[in-house]
Chemist: 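Please read through the structure below; I'll follow up with questions.
Note on naming: letters A, B, ... go to the chains in the order of the sequence lines (proteins, then strands), and numbering restarts at 1 for each one.
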Amino acid sequence: MDTPAHLITAPILDWYAANARDLPWRTADATPWGVLVSEIMLQQTPVKRVLPVWHEWLRRWPTPAALAAEPSGEAVRAWGRLGYPRRALRLHAAAQAIVERHGGEVPDVHAELLALPGIGAYTAAAVASFAYRQRHAVLDTNVRRVLARMRTGVEYPPKAQTRAEVALAEALLPVDPPTAARWSVAVMELGALVCTARSPRCVDCPVLDRCAWQAAGRPAYDGPPRVGQTYAGTDRQCRGRLLAVLRDAPAPVEKGALDIVWADPVQRERALDGLIADGLVDPLDDGRYALPV
DNA sequence: TAATCGTGGGT
DNA sequence: TACCCAAGATT
């Protein structure tokens, strides 16, 4: 029989109160827009690398309207080296949609958040919870790992999210919305700081004596091999090189400036075509290339 | 559904 | 050193 929910949630809420990091998007004066920007930037990207870029974005574009008024290429440029630059493009598009559809205010309705570009199930739930103190199951990679260990007794969750995981998350979600919102950020923080993917700090865990994985003797992951991401020599690396040229250039560049950063012409052209198709690069009539307007 | 999409730091 | 993987979304 599972440990009752409150015997799990209460210690983790207490742990969070004592151990939460001071992050700028969690302060009392953080705006929903600041929360939304942080959530997009944090997708697949560590907090440490997000912090300086987030500060610069919020200083420069304190509202969705401010960003929406800029060329999308400026968002791509200010994205810097956070990676997955389509996120910058989608965040710019989301800002425009927020201005057009929601009067410039980040919506507080889950379905309306979900309808914005670049916002999926996780991010919609996260913004509704963290910016508006609502009650939603917030399932990110941290929470999925914590629940897999604590409740299912396995080291890692399945590759693709299952309905069973959603049911698990909803079963633990406190009834009171503000408490549920605090729980969501608390269990995520536990996954980020203690119940980490590798070398978990179980000695610091507030629910170690209620952990199914611990009770089972912390068995090693037993399942299909988890796919590693190769990078060197891939189209992704090539796209990154090409886009870096445009980010670092103050003006449109000649084709030659792109050619010199990647030797294989076939792969280079394919990658450039992909960037253009994605709207990350704008081919000008004079043969030069620029970030999009 | 599975592949694709950047980058840098921890172990 | 080579991996591993980090607050996912989209097609």
Side-chain angles (χ1 to χ4, degrees), chain A residues 16 20-21 23-26 30 34-54 76 79-91 93-94 113-131 136-146 155-162 165 169 181 184-193 195-201 221 224-247 261-262 270-271 273-275 277-281:
Chain A
Y16 181 74
R21 289 169 292 181
L23 298 175
W25 44 85
R26 287 182 185 162
V35 172
L36 172 54
V37 172
S38 80
E39 288 302 334
I40 302 294
M41 289 184 171
L42 286 163
Q43 291 169 1
Q44 304 287 286
T45 309
V47 166
K48 181 177 180 180
R49 285 175 48 210
V50 164
L51 280 169
V53 183
W54 183 90
V76 174
W79 196 254
R81 305 189 63 81
L82 283 184
Y84 294 148
R86 290 187 295 196
R87 292 183 291 167
L89 223 45
R90 292 180 180 140
L91 187 46
L113 287 163
L114 195 56
L116 294 173
I119 296 192
Y122 161 75
T123 304
V127 172
S129 297
F130 305 154
H136 299 276
V138 178
L139 267 179
D140 78 323
T141 186
N142 289 302
V143 176
R144 293 183 62 215
R145 188 176 54 249
V146 172
E155 186 175 19
Y156 297 119
K159 283 195 296 289
Q161 184 178 307
T162 64
E165 290 182 85
S184 292
V185 70
V187 66
M188 190 178 307
E189 188 80 336
L190 185 70
L193 298 183
C195 196
T196 52
R198 286 182 298 179
S199 310
R201 299 163 176 80
Y221 174 77
R226 296 183 292 162
V227 289
Q229 337 171 13
T230 53
Y231 182 61
T234 61
D235 285 12
R236 274 153 89 171
Q237 185 183 29
C238 183
R239 286 167 57 106
R241 291 266 188 89
L242 296 173
L243 198 59
V245 172
L246 296 178
R247 265 202 320 266
V261 300
W262 198 262
R270 182 172 68 232
D273 287 345
L275 288 169
D278 287 345
L280 284 163
V281 172

Chemist: Please determine, for the side chain of A/Ala197, which listed nucleotide (B/dC5, C/dC5, C/dA7) has the closest atom?
Modeler: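 My answer, after comparing the listed nucleotides, is C/dC5.
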
Chemist: Does A/Arg21 reach a base, just sugar-phosphate, or nothing at all? Heavy atoms under 4.0 Å.
Modeler: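 Answer is base: heavy atoms of A/Arg21 come under 4.0 Å of a base.
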
Chemist: Is the phosphate of C/dT10, meaning OP1 or OP2, less than 4.0 Å from a side-chain N or O of A/Arg90?
Modeler: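 No.
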
Chemist: If we take the P atom in both B/dT4 and C/dA7, what is their distance in whole Å?
Modeler: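 About 24 Å, rounded to a whole number of Å.
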
Chemist: With a 4.5 Å cut-off on side-chain heavy atoms, are A/Asn142 and A/Leu190 touching?
Modeler: no

Chemist: Mind checking what makes side chain to side chain contact (heavy atoms under 4.5 Å, CB included) contact with A/Arg86, not counting sequence neighbours?
Modeler: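 Counting only residues at least two positions away or on another chain, A/Arg86 forms a side chain to side chain contact (heavy atoms under 4.5 Å, CB included) with A/Arg90, A/Arg239, A/Asp278, A/Leu280.
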
Chemist: For A/Gly120, answer base if it contacts any base atom (sugar-phosphate contacts may also be present), sugar-phosphate if it contacts only those atoms, and nothing otherwise; contact means non-hydrogen atoms under 4.0 Å.
Modeler: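 If one applies the 4.0 Å heavy-atom cut-off, A/Gly120 turns out to touch the sugar-phosphate alone, with no base involved.
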
Chemist: My understanding is that only residues two or more places apart in sequence, or in another chain, count here; which of them pass side chain to side chain donor-acceptor pair (under 3.5 Å) with A/Gln237?
Modeler: none

Chemist: Is there a donor-acceptor contact under 3.5 Å from the side chain of A/Trp54 to the main chain of A/Gly34?
Modeler: yes

Chemist: Suppose you measure atom P in C/dA9 against the same atom in B/dG9; what distance do you get, rounded to whole Å?
Modeler: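 Pairwise P distance, C/dA9 against B/dG9, rounds to 25 Å.
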
Chemist: Any heavy-atom pair between the side chains of A/Trp262 and A/Val245 that's under 4.5 Å?
Modeler: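 Contact flag for A/Val245/A/Trp262 side chains = no.
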
Chemist: Select from A/Arg239 and A/Ala160 the residue whose nearest nucleotide in DNA chain B is closer to the 5' end of that strand.
Modeler: A/Ala160

Chemist: Please list, for nucleotides 9-11 of chain B, all pairs of protein and nucleotide N/O atoms separated by less than 3.5 Å.
Modeler:
{"unit_1": "B/dG10", "atom_1": "N2", "unit_2": "A/Arg198", "atom_2": "NH2", "d": "3.4"}

Chemist: In whole angstrom, what separates A/Arg241's CZ from B/dC5's P?
Modeler: 16 Å

Chemist: Determine: side-chain N/O of A/Thr123 to OP1/OP2 of C/dG8, distance under 4.0 Å, yes or no.
Modeler: no

Chemist: Rounding to an integer number of Å, can you tell me how far A/Arg144 CZ sits from C/dA6 C1'?
Modeler: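 Value for this atom pair: 14 Å.
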
Chemist: Please list, chain by chain and in numerical order, all residues satisfying side chain to side chain contact (heavy atoms under 4.5 Å, CB included) with A/Thr45, sequence neighbours excluded.
Modeler: A/Arg49, A/Val50, A/Leu82, A/Arg87

Chemist: Regarding A/Ile119, tell me which of base, sugar-phosphate or nothing describes its non-hydrogen contacts under 4.0 Å with the strands shown.
Modeler: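 If one applies the 4.0 Å heavy-atom cut-off, A/Ile119 turns out to touch the sugar-phosphate alone, with no base involved.
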
Chemist: Within the structure shown, what part of the strands sits under 4.0 Å from A/Thr141 by heavy-atom distance: base, sugar-phosphate, or nothing?
Modeler: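 Answer is sugar-phosphate: A/Thr141 comes under 4.0 Å of backbone atoms only.
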
Chemist: At under 4.0 Å, does any side-chain N or O of A/Gln44 touch on OP1 or OP2 of C/dG8?
Modeler: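 Answer yes for this pair, as a side-chain N or O of A/Gln44 is under 4.0 Å from OP1 or OP2.
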
Chemist: Could you work out which one of B/dT7, B/dC5, C/dA7 sits closest to the side chain of A/Arg81?
Modeler: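 So the side chain of A/Arg81 is nearest to B/dT7.
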
Chemist: Is the distance from OP1 or OP2 of C/dA6 to the nearest side-chain N or O of A/Arg145 less than 4.0 Å?
Modeler: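 Indeed, a polar side-chain atom of A/Arg145 lies that close.
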
Chemist: Could you give the CG-to-P distance, from A/Leu91 to C/dA9, as a whole number of Å?
Modeler: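 Value for this atom pair: 13 Å.
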
Chemist: What integer distance in Å separates A/Arg87:CZ from C/dA6:C1'?
Modeler: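 In whole Å, C/dA6 C1' lies 10 Å from A/Arg87 CZ.
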
Chemist: Between C/dG8 atom C1' and A/Met188 atom CE, what is the distance in whole Å?
Modeler: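 Distance, rounded to whole Å: 12 Å.
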
Chemist: Over all strands shown, is A/Trp79 touching base, sugar-phosphate only, or nothing at heavy-atom distances under 4.0 angstrom?
Modeler: nothing

Chemist: According to side chain to side chain donor-acceptor pair (under 3.5 Å), who are the partners of A/Asp235, at least two apart in sequence or on a separate chain?
Modeler: A/Gln267, A/Arg270

Chemist: Output the single nucleotide from B/dG6, C/dA7, C/dA9 whose closest atom is nearest the side chain of A/Ala192.
Modeler: C/dA7

Chemist: Report yes if at least one side-chain N or O of A/Tyr156 is closer than 4.0 Å to OP1 or OP2 of C/dC5; otherwise report no.
Modeler: yes

Chemist: So does A/Tyr122 get a side-chain nitrogen or oxygen closer than 4.0 Å to the phosphate oxygens (OP1/OP2) of C/dA9?
Modeler: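 Negative; the distance criterion is not met.
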
Chemist: Are any non-hydrogen side-chain atoms of A/Tyr16 and A/Met188 less than 4.5 angstrom apart?
Modeler: no

Chemist: Report yes if a donor N or O on one partner sits less than 3.5 Å from an acceptor N or O on the other, where the partners are the side chain of A/Thr45 and the base of B/dG6; otherwise report no.
Modeler: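 Side chain to base: pair present.
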
Chemist: C/dC5 C1' sits how many Å from A/Tyr221 OH, rounded?
Modeler: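 That distance rounds to 14 Å.
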
Chemist: Rounded to whole angstrom units, what separation is found between the CD atom of A/Gln161 and the P atom of C/dA7?
Modeler: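 To the nearest whole Å, that distance equals 15 Å.
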
Chemist: Under the side chain to side chain contact (heavy atoms under 4.5 Å, CB included) test, which residues partner A/Arg81, sequence neighbours left out?
Modeler: A/Ala244, A/Arg247

Chemist: Quick one: A/Gln237 CD to B/dT4 C1', roughly how many Å, whole number?
Modeler: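 Checked: the CD to C1' distance equals 16 Å.
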
Chemist: If you find the nucleotide of DNA chain C closest to A/Leu114 and the one closest to A/Arg26, which residue's nucleotide is nearer the 5' end?
Modeler: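 Looking at the nearest nucleotide for each, A/Arg26 comes out on the 5' side.
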
